[in-house]
A.B. asks: 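Below is the structure I would like to discuss, written out as structure tokens.
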Amino acid sequence: MKIFFTAEYDPAELEPLYAFGEVLMDGWAKGLPNLTEEELLAKTADADMIITTFDEITRAVIENAKNLKLIACTRATPVNIDTAAARERGIPVLFTPGRNSDATAELTIGLMLSIARKIPMAYAALKAGQYTAASAHEKKTKEGLRKDVFWGVGEDSPYAVFKGCELKNKTLSIIGYGSIGRRVGRIARAFGMELLVCDPYVGEIDVEEIGVRKALSLKQAMTEGDFVTCHLKVTPETEGCISREMIACMKPTAYLINASRSAILDEGALVEALREKRIAGAALDVYEKEPIPADHPYLTELDNVVVTPHIAGASIEVLTNHTRMIVGEVRRFLQGEQLLYRYC
């Protein structure tokens, strides 16, 4: 059994895979770039299994690999696999749903805190030498008083410039209440937030409790949320759903968070809303073009946005999760057992 392996992985969790056959490491598994189609054609021609993360397993690759019996993708959505071609040959395609749900949920909360409390802005100011004092500076405490630690007062002081808002007692609208959305909700509840859930596939009886209710429409969720966070897959129904019209519904004090997919959002409309201060701010991990262009307004112009370079799923634990999931699936496949993570 030849297993062609180009995924990022947890070495300890991968150990059992070596008992199933010859594991041929290449590409990202060795810290190298994605393989080209030509390279994949040459290297997978006699492979029984292909396990990858980002390599494009095209129809040509699938048809060329005459011994191919299984394809595994260590992602929540195997968009880089030609699933139609695999289905035609009767080759199961595995995926790893939920592998990065905790990581993404935690980053979402981090983005919320960052934009609400202006943490990156304060950090950047200090790194640039603002609001600092000379090394020899020493503040004298007057007789009868105890030592104080404030940095100054006035409209130009950091206390005023970086004054933000708390999450407690705010309404968090969660657009999409699947694996990630539910985790975000649980963490947000610990901060004392109220949840307004917007998901047509979730019934009121499944989510409503004290402090949690279901929105009757996307417009309601956009209108009532102090924070609006998006956790949607891209489908014909969700593409562009956070539209100019929906953004216009938001409170001027509200924040938009998106760590899901950029295709759900009208990026141009959001830039305009931020530029005109029609909403308080946004925090984003995904963009219309990736990598984000160096001249994007998020980077060059706007001071009410926090951006990260698509790292929501970038945690050490994610590697452990998807390695365990795939190794377990390979074992079940070889033993003829029911597959748990079959995409098609």
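Just so it is clear, the model here is predicted, and its values are computed rather than measured.
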A.B. asks: Looking at Asp303 and Lys277, is there a salt bridge between them, counting it only when a charged N and a carboxylate O are closer than 4.0 Å?
C.D. replies: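 Salt bridge between Lys277 and Asp303, a charged N being under 4.0 Å from a carboxylate O: yes.
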A.B. asks: If you round to the nearest 0.5 Å, how far is CG of Asn34 from OG1 of Thr6?
C.D. replies: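 Rounded to the nearest 0.5 Å, the OG1-CG separation comes to 7.5 Å.
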A.B. asks: Are side-chain heavy atoms of Asp102 and Glu317 found at a separation under 4.5 Å?
C.D. replies: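 Of all side-chain heavy-atom pairs linking Glu317 with Asp102, none is under 4.5 Å.
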A.B. asks: Flag yes if Ile187 and Ile174 sit in one hydrophobic cluster, no otherwise; membership is Ile, Leu, Val, Met, Phe, Trp, Tyr, and two members link when side-chain heavy atoms are under 4.5 Å apart.
C.D. replies: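 Yes: a chain of side-chain contacts under 4.5 Å links Ile187 to Ile174.
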A.B. asks: Start with the C-alpha gap between Asn304 and Arg275, add the side-chain angles, then the distance that decides, and say whether side chain to side chain donor-acceptor pair (under 3.5 Å) holds.
C.D. replies: CA-CA 8 Å; Asn304 52 353; Arg275 183 180 286 138; over 6 Å; no
A.B. asks: Can any side-chain N or O of Ser315 pair as donor or acceptor with the backbone N or O of Val318 at less than 3.5 Å?
C.D. replies: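 Flag set: sc Ser315 to bb Val318 pair under 3.5 Å.
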A.B. asks: Kindly work out whether a path of hydrophobic side-chain contacts (I/L/V/M/F/W/Y, heavy atoms less than 4.5 Å apart) joins Met250 to Ile257.
C.D. replies: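 Met250 and Ile257: separate clusters.
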A.B. asks: Answer yes or no: are there more than 12 heavy-atom neighbours, outside Glu155 itself, under 6.0 Å from its atom CD?
C.D. replies: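 12 or below, so no.
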A.B. asks: I'd like to know if Arg244 and Glu272 make a salt bridge, using a cut-off of under 4.0 Å between side-chain N and carboxylate O.
C.D. replies: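 Here Arg244 pairs with Glu272 in a salt bridge, since their nearest N and O are under 4.0 Å apart.
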A.B. asks: Return the set of residues passing ring-ring contact (aromatic ring centres under 6.0 Å, His included) with Phe227 (not counting sequence neighbours), or none when no residue passes.
C.D. replies: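 Partners of Phe227 under the ring-ring contact (aromatic ring centres under 6.0 Å, His included) test: Tyr255.
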A.B. asks: If you define the side chain from C-beta out and look only at heavy atoms, does anything of Pro97 sit under 4.5 Å from Tyr341?
C.D. replies: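 Yes, close enough: below the 4.5 Å cut-off.
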A.B. asks: Could you check whether Asp10 and Thr320, counting side-chain N and O atoms only, form a donor-acceptor pair closer than 3.5 Å?
C.D. replies: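 On atom types as modelled, these side chains qualify, holding a pair under 3.5 Å.
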A.B. asks: Do His296 and Glu301 have side chains that get closer than 4.5 Å, going by heavy atoms?
C.D. replies: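 Side-chain contact under 4.5 Å: no.
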A.B. asks: Hey, quick one: are Tyr298 and Ile247 part of the same hydrophobic cluster, counting side-chain heavy atoms closer than 4.5 Å, chains of contacts allowed?
C.D. replies: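 Yes; Ile247 is reachable from Tyr298 via cluster members.
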A.B. asks: Which heavy atom in Val306 sits nearest to a heavy atom in Met121, and how many Å separate them?
C.D. replies: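 That closest heavy-atom pairing would be CG2-CE, 3.8 Å.
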A.B. asks: Within the structure provided, determine whether Pro158 and Val161 are in side-chain contact (heavy-atom separation under 4.5 Å).
C.D. replies: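 Side chain of Pro158 against side chain of Val161, heavy atoms only: no contact under 4.5 Å found.
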A.B. asks: Which heavy atom in Leu302 sits nearest to a heavy atom in Val305, and how many Å separate them?
C.D. replies: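 Looking at all heavy atoms of both residues, the shortest contact is CB-CG1, 3.8 Å.
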A.B. asks: So, for Cys73 and Asn80, which heavy atoms are closest and what is the spacing to 0.1 Å?
C.D. replies: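 For Cys73 and Asn80, the tightest heavy-atom pair comes out as SG-OD1, 3.5 Å.
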A.B. asks: Does a side chain donor of either Thr171 or Glu224 reach within less than 3.5 Å of an acceptor in the other side chain?
C.D. replies: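 No, no side-chain donor-acceptor pair sits under 3.5 Å.
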A.B. asks: Run Tyr131 and Trp151 through ring-ring contact (aromatic ring centres under 6.0 Å, His included) and show every step you take.
C.D. replies: CA-CA 8 Å; Tyr131 310 112; Trp151 283 32; 7.9 Å; no
A.B. asks: Charged N to carboxylate O under 4.0 angstrom, Arg59 versus Glu63?
C.D. replies: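 Glu63 and Arg59: salt-bridged.
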A.B. asks: What's the shortest heavy-atom distance between His231 and Ser260, and which atoms?
C.D. replies: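 Minimum heavy-atom contact is CA-CB, 3.9 Å.
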A.B. asks: Can you name the residues that form a ring-ring contact (aromatic ring centres under 6.0 Å, His included) with Tyr123, not counting sequence neighbours?
C.D. replies: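 Not a single residue meets the ring-ring contact (aromatic ring centres under 6.0 Å, His included) criterion with Tyr123.
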A.B. asks: Are more than 12 heavy atoms, taken from residues, nucleotides or ligands other than Arg189, located less than 6.0 Å from that residue's CZ atom?
C.D. replies: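 Counting neighbours around CZ of Arg189, more than 12 heavy atoms of other residues, nucleotides or ligands fall under 6.0 Å, so yes.
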A.B. asks: For Ile57 and Asp82: C-alpha separation, side-chain torsions, deciding distance, then whether side-chain contact (heavy atoms from CB on, under 4.5 Å) applies.
C.D. replies: CA-CA 6 Å; Ile57 310 303; Asp82 190 329; over 6 Å; no
A.B. asks: Tell me, do Trp28 and Thr52 make a side-chain contact under 4.5 Å, heavy atoms counted?
C.D. replies: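 No - every pair of side-chain heavy atoms lies 4.5 Å or more apart.
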A.B. asks: Can you establish whether the number of heavy atoms outside Glu56 located under 6.0 Å from its atom CD is more than 12?
C.D. replies: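 Open.
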A.B. asks: Under a plain distance cut-off of 3.5 Å, with no hydrogens placed, do Ser243 and Asp266 share a side-chain donor-acceptor pair?
C.D. replies: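 Ser243 and Asp266 do not have a side-chain donor-acceptor pair below 3.5 Å.
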A.B. asks: Could you walk me through whether Thr53 and Glu8 pass the side chain to side chain donor-acceptor pair (under 3.5 Å) test, one step at a time?
C.D. replies: CA-CA 7 Å; Thr53 301; Glu8 197 176 15; over 6 Å; no
A.B. asks: Please round to the nearest 0.5 Å and tell me the distance separating atom CG of Leu24 and atom NZ of Lys2.
C.D. replies: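 So the CG of Leu24 and the NZ of Lys2 are separated by 6.5 Å.
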A.B. asks: Other residues, nucleotides and ligands only: do more than 12 of their heavy atoms fall within 6.0 Å of CD on Glu39?
C.D. replies: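 Result for CD/Glu39: enclosed.
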A.B. asks: Clusters formed by hydrophobic residues whose side-chain heavy atoms approach within less than 4.5 Å: which one holds Phe5, and what are its other members?
C.D. replies: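 Members other than Phe5 - counting any ILVMFWY side chain reachable under 4.5 Å - are Met1, Ile3, Tyr9, Leu14, Leu17, Tyr18, Phe20, Val23, Met25, Met49, Ile51, Leu70, Leu94, Ile326, Val327, Val330, Phe333, Leu334, Leu339.
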A.B. asks: Which heavy atom of Cys344 sits nearest a heavy atom of Arg87, and at what distance?
C.D. replies: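 Closest approach of Cys344 to Arg87, heavy atoms only: CB-NH2, 3.5 Å.
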A.B. asks: Run the salt-bridge test on Asp48 and Lys69 with the 4.0 Å N-O cut-off and return the result as yes or no.
C.D. replies: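 Yes, charged N to carboxylate O under 4.0 Å.
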A.B. asks: side-chain contact (heavy atoms from CB on, under 4.5 Å), that's the test. Do Phe4 and Leu40 meet it? Break it down for me.
C.D. replies: CA-CA 10 Å; Phe4 188 73; Leu40 286 166; 3.9 Å; yes
A.B. asks: Could you grab the distance from atom CD of Glu288 to atom OG of Ser262, nearest 0.5 Å is fine?
C.D. replies: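 One finds 7.0 Å between CD of Glu288 and OG of Ser262.
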A.B. asks: Measure the spacing between CZ of Arg89 and CD1 of Ile71 and express it to the nearest 0.5 Å.
C.D. replies: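 Atom-to-atom, Arg89:CZ and Ile71:CD1 are 8.0 Å apart.
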A.B. asks: Quick one: pull up SG in Cys165 and NZ in Lys170 and give me the separation to the nearest 0.5 Å.
C.D. replies: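 Going from SG on Cys165 over to NZ on Lys170, the span is 5.0 Å.
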A.B. asks: What's the spacing between Gln220 CD and Leu216 CG if we round to 0.5 Å?
C.D. replies: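 The CG atom of Leu216 is 4.5 Å from CD of Gln220, to the nearest 0.5 Å.
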A.B. asks: May I ask you to check whether over 12 heavy atoms, not counting those of Glu166, lie within 6.0 Å of atom CD?
C.D. replies: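 No, the 6.0 Å shell around CD holds no more than 12 heavy atoms from other groups.
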A.B. asks: Take Arg261 and Leu265, measure what side-chain contact (heavy atoms from CB on, under 4.5 Å) needs, and give me the verdict at the end.
C.D. replies: CA-CA 8 Å; Arg261 289 290 181 265; Leu265 170 68; over 6 Å; no
A.B. asks: If hydrophobic clusters are built from ILVMFWY residues whose side chains come within less than 4.5 Å, do Val207 and Val184 share one?
C.D. replies: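 Yes, Val207 and Val184 fall within the same hydrophobic cluster.
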A.B. asks: Does Arg146 reach the side chain of Thr141, with side-chain heavy atoms less than 4.5 Å apart?
C.D. replies: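 Contact flag for Arg146/Thr141 side chains = no.
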A.B. asks: Do other residues, nucleotides or ligands put more than 12 heavy atoms under 6.0 Å from Leu145 CG?
C.D. replies: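 Counting other residues, nucleotides and ligands, CG of Leu145 exceeds 12 neighbours.
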A.B. asks: Ile264 and side-chain contact (heavy atoms from CB on, under 4.5 Å): which partner among Leu232, Ile175, Val286?
C.D. replies: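 Result: among Leu232, Ile175, Val286, Leu232 is the only option passing the side-chain contact (heavy atoms from CB on, under 4.5 Å) with Ile264.
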A.B. asks: Determine, step by step, whether Lys219 and Glu245 satisfy the salt bridge (charged side-chain N to carboxylate O under 4.0 Å, His left out) criterion, reporting the C-alpha distance in whole Å, the side-chain angles of both residues, the deciding distance to 0.1 Å, and the verdict.
C.D. replies: CA-CA 9 Å; Lys219 184 175 181 179; Glu245 177 187 4; 5.3 Å; no
A.B. asks: Inspect the surroundings of CD in Gln335 and state if more than 12 heavy atoms from other residues, nucleotides or ligands are less than 6.0 Å away.
C.D. replies: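 Above 12, so yes.
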A.B. asks: Could you tell me if the side chain of Asp285 sits less than 4.5 Å from the side chain of Asn258, heavy atoms only?
C.D. replies: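 A side-chain contact under 4.5 Å is absent here.
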A.B. asks: Closest approach of Ala221 and Leu196, non-hydrogen atoms and distance?
C.D. replies: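 Taking Ala221 first and Leu196 second, the nearest heavy atoms are CA-CD2, 3.8 Å.
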A.B. asks: So does Arg324 pair up with Glu329, basic N to acidic O under 4.0 Å?
C.D. replies: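 Looking at Glu329 together with Arg324, the answer is no, because their closest N to O distance does not fall below 4.0 Å.
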A.B. asks: Does any non-hydrogen side-chain atom of Leu167 lie less than 4.5 Å from one of Met112?
C.D. replies: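 In short, these two side chains touch, coming nearer than 4.5 Å.
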A.B. asks: According to a 4.5 Å side-chain heavy-atom criterion applied to Ile, Leu, Val, Met, Phe, Trp and Tyr, with indirect links allowed, do Ile91 and Ile81 form part of one hydrophobic cluster?
C.D. replies: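 Yes, same cluster.
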A.B. asks: Show your working on side-chain contact (heavy atoms from CB on, under 4.5 Å) between Leu68 and Ile50 and close with a plain yes or no.
C.D. replies: CA-CA 8 Å; Leu68 193 59; Ile50 297 174; 3.7 Å; yes
